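Worksheet: one structure, shown below.
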Amino acid sequence: MPERFDAIIIGAGQAGPSLAQRLTREGLRTALIERHLFGGTCVNTGCIPTKTLVASARAAHMARRAADYGVVLDGPVKVDMKKVKARKDVVSGESNENVTKWLEGMRNLEIYRGHARFEGSHSVRVNDAVLEAEKIFINVGARASVPDMPGLNQVDYLNNSSMMAVDFLPEHLVIIGGSYIGLEFAQMYRRFGSRVTVVEKGEGLIARDDEDVSGAVSRILEAEGIEVRLNAACVAMEKRGDGRISVRLDCETGDREVTGTHLLLAMGRRPNTDDLGLEQAGIAVNDRGFIVVDDALRTNVPGVWALGEANGRGAFTHTSYNDFEIVAANLFDNDPRKVTDRILCYALFIDPPLGRVGMTEREVRASGRSALIGKMPMARVGRARERGETQGFMKVLADAETDRLLGAAILGMNGDEVVHSLLDLMYADAPYTVMQRAVHIHPTVTELLPTLLGDLKPLE
Ligand SMILES: Cc1cc2nc3c(=O)[nH]c(=O)nc-3n(C[C@H](O)[C@H](O)[C@H](O)COP(=O)(O)OP(=O)(O)OC[C@H]3O[C@@H](n4cnc5c(N)ncnc54)[C@H](O)[C@@H]3O)c2cc1C
C-alpha cells in the first residue's frame, strides 16, 4: 500500500531542507528522500569544503610571502596535507551534522534514506516503499560531467567529489577545464606545492566572462606558476608505464601532450535527472536533461516543482536557496516572487576573488544600448596597497539613459564582498548616482566605488 503524504521532497540539497521546514510548519505532513548526504553538494563536496581548502592554501601563500611584510619565518613553508584535509573534514562535517540534526528534529517530517524514482506523476518509490503526495518538490542537484573521450576509461581520474578524499600532494595535477571549479582547485593545489597545468579548450579561462577579466585571471594564476593551456582540446588519455597520465591535445601552439601524475576533470555538471524516472511522471526535461520550469518553478505536471541546479535556472547555492524562497512565497505568502526577478551574481573564489553581478561588457555591447563604463585598477585602492594585494581591477557598466547599473566585475581583494554594494543598488533599482554621492569608510576597498562611478565614460 502506498504511504500518503501532503508533500514529498526529493533531495536534501540547498532548497530541500528549508522547504521541509516551511512545509511542515504550515502543517503539511512531508516526506524527505535523500540518497546520500544531507546538505548535498555545497555542504559535502562543493562550496564549503573547497572554500575551507582555499583558506589553507591562502595561509601557505601568505606564509611564503611573509618576508614581504617584514615577518621572518625560518625555513621553507611546509604543507601537511593530512591536516589540511582533516581541517576541511571538520568544517564540512559540522555543516553536514547541523543540517542532519535540523532535519531529524523537524516535527511532521518523515525522512527516507535511499534513491527516489517516480512511478507516476504523484508517486515515488524509495527502497521498498511507494510514497504518494499531491505536492512533489524535486531538489536533486547535479554531478560532475564525464565526457566521452578515448582512453578515459583506462586512466584514474578525480572529480570534485573524489578530490575531497585527497590527503596527499599530487606531484603534477593536470586539470581539464578552465572554469570556476577547475581554477579554484588549480590555485589551491599550486599553493599546497603541486605542479599544476590547466587545459582549456576555449580561447580563455572562465569563458562566460569578459576577455579582460579572463586575461587578468590567467595572469594571476600564471604568476603563481600555474601552467595554462588555452585553445587545447583533449583528444585522448593514456596511462604510461611509469604510472603517469598522458593527455593528448588538439592544439596549434605548445606541446601536443601534457603528462601529469594526477588528473582532475572539471568539465561542467550534469543534472541528476537521468535516473529519476521522470518519464514515468511525464515531467519534461530539455535537451541537456534539465527539468523545464516556469517562472514560479512549476514543472509541466501540476503539483510538481523543480528547485536548484536540476532546473537549469541557476548553478549556485544562493540560486537554489532563492528557488526555495520563490516556491514558499507563491505557495504560502500570496507573494508572486519569480525567477526572472533574480539578478545574476556569483564569485570565483581564487585569491584575489572575482565578484560578478549582472551583465558582462560583452553582453552590454551586444544589447546595442547606450551605456557607460568605468574601470580602475585595484592599485588605486589604498587598502589594497596597504595589504600588498593590488592585483586585479574593478569594472562597472551603467545604462546611459536610465543611470541604472547593468553589471560589474570586481577582480581583486575582497571583490566577492564588495560587489554586493553594487548588487543591492541594482535590487533597489536606484540610479548609480546614489552611490556616487555616498560617503564610504576609509580605508576600505568599497570606498573606491563612488570614485569609479564618478568617472564613467560612454562605452564606445
Ligand atoms: C567544487 C564545487 C564548488 C562549488 N562552489 C560554490 C560556491 O562557492 N558558491 C556557490 O554558490 N555554489 C558553489 N557550487 C555549486 C553549488 O554547490 C551547487 O549549485 C548547489 O549545491 C546546488 O544545490 P541543489 O540544491 O541544486 O542540489 P545539491 O546540493 O546538489 O543536492 C542535491 C541532493 O539530492 C540528492 N539526490 C539526487 N538524486 C536523488 C534521488 N534520485 N533520490 C534521492 N536523493 C537524490 C543528492 O544526494 C544531493 O544530496 C560549487 C559546486 C562544486 C562542485
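Quick caveat, the model's predicted, so the values are computed rather than measured. Counting starts at 1 for both ligands and their atoms, following the listed order.
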Will you find, in the side chains of E417 and N414, an N or O donor that is under 3.5 Å from an N or O acceptor? no
Quick check on the 6.0 Å ring-centre criterion: do H262 and F168 meet it? yes
Around atom 15 (C) of ligand 1, find the nearest protein heavy atom and jot down its residue, atom name and distance. A315 O, 3.6 Å
Using a 4.0 Å cut-off to any heavy atom of G40, which atoms of ligand 1 qualify? 29 (O), 31 (O), 48 (C), 49 (O)
With heavy-atom distances below 4.0 Å as the criterion, list the atoms of ligand 1 near S320. 23 (O), 24 (P), 25 (O), 26 (O)
Note the single closest protein heavy atom to atom 2 (C) of ligand 1, along with its residue, its atom name and the distance in Å. G46 CA, 3.5 Å
Using heavy-atom distances, let me know which of T317, I10, I181, I138 sits nearest atom 12 (N) of ligand 1. T317
In ligand 1, which numbered atoms sit nearer than 4.0 Å to a non-hydrogen atom of L276? 41 (N)
Measuring from atom 44 (N) of ligand 1, which candidate in R35, E184, Q14 has the nearest non-hydrogen atom? R35
Side-chain donor or acceptor of S95 paired with backbone N/O of G93 under 3.5 Å: no
Just go through L53, V124, D416, N139 and tell me whose heavy atom is the nearest to atom 32 (C) of ligand 1. N139
What pair of heavy atoms forms the shortest contact from A7 to L28, and how long is it? CB-CD2, 4.2 Å
Within reach of ligand 1, part of Y346 (heavy-atom separation under 4.0 Å): neither
Considering heavy atoms of the protein only, find what lies nearest to atom 26 (O) of ligand 1 and give residue, atom and distance to 0.1 Å. E309 N, 2.7 Å
Under 3.5 Å, is there a donor-acceptor pair linking the side chains of D323 and S320? no
Contact with ligand 1 for T45, non-hydrogen, under 4.0 angstrom: yes
So if I count the atoms of ligand 1 from 1 in the order they appear, which ones are less than 4.0 Å from some heavy atom of G308? 26 (O)
Pair R143, N159 - check side chain to side chain donor-acceptor pair (under 3.5 Å), show working. CA-CA 9 Å; R143 62 184 186 274; N159 60 25; over 6 Å; no
Looking at ligand 1, does any of its N/O atoms fall within less than 3.5 Å of an N/O of C42? yes
Determine, for D275 against R35, whether the closest basic-nitrogen to carboxylate-oxygen distance falls under 4.0 angstrom. yes
Looking at C47, C345, A144, the heavy atom closest to atom 13 (C) of ligand 1 belongs to C47
Proximal atoms of ligand 1 relative to I33 (non-hydrogen, under 4.0 Å): 43 (C), 44 (N)
Taking only heavy atoms of F349 into account, list the atoms of ligand 1 that are under 4.0 Å away from them. 8 (O)
Mark the output for R117 as yes if a heavy-atom distance to ligand 1 is under 4.0 Å, and as no if none is. no
No-hydrogen, no-angle side-chain donor-acceptor test under 3.5 Å, S214 and D209: no
Backbone N/O of Q21 and side chain of T24: donor-acceptor pair under 3.5 Å: yes
Counting from 1, what ligand 1 atoms have a heavy atom of L37 closer than 4.0 Å? 49 (O)
In plain terms, say whether D341 and R337 are close enough for a salt bridge, that is, a side-chain N and a carboxylate O under 4.0 Å apart. no
Check against ring pair (Phe, Tyr, Trp, His ring centres under 6.0 Å), F137 and F324: CA-CA 10 Å; F137 304 90; F324 144 68; over 10 Å; no
Identity and distance of the protein heavy atom lying nearest atom 5 (N) of ligand 1: K51 NZ, 3.2 Å
Which class fits the ring pair Y346 and F316: parallel under 30°, tilted 30 to 60°, perpendicular over 60°? parallel
Closest approach of any protein heavy atom to atom 37 (C) of ligand 1, naming residue and atom: V140 O, 3.2 Å
Testing the basics here: between D416 and P353, what is the closest heavy-atom pair and its distance to 0.1 Å? OD1-CG, 3.3 Å
Scan side-chain atoms only and decide if T197 and H172 contain a donor-acceptor pair under the 3.5 Å cut-off. yes
Protein contact to atom 29 (O) of ligand 1 [nearest heavy atom, distance to 0.1 Å]: T41 N, 2.9 Å
T50 N/O to ligand 1 N/O under 3.5 Å: no
Starting from atom 49 (O) of ligand 1, find the nearest protein heavy-atom neighbour and note its residue, name and distance. E34 OE1, 2.7 Å
Does G114 have a non-hydrogen atom less than 4.0 Å from ligand 1? yes
Atoms of ligand 1, numbered as shown, that sit under 4.0 Å from any heavy atom of R269: 53 (C)
To which protein heavy atom is atom 42 (N) of ligand 1 closest, and what is the distance rounded to 0.1 Å? A116 N, 2.9 Å
Nearest heavy-atom pair of V419 and R356: which atoms, and what distance? CG2-N, 4.1 Å
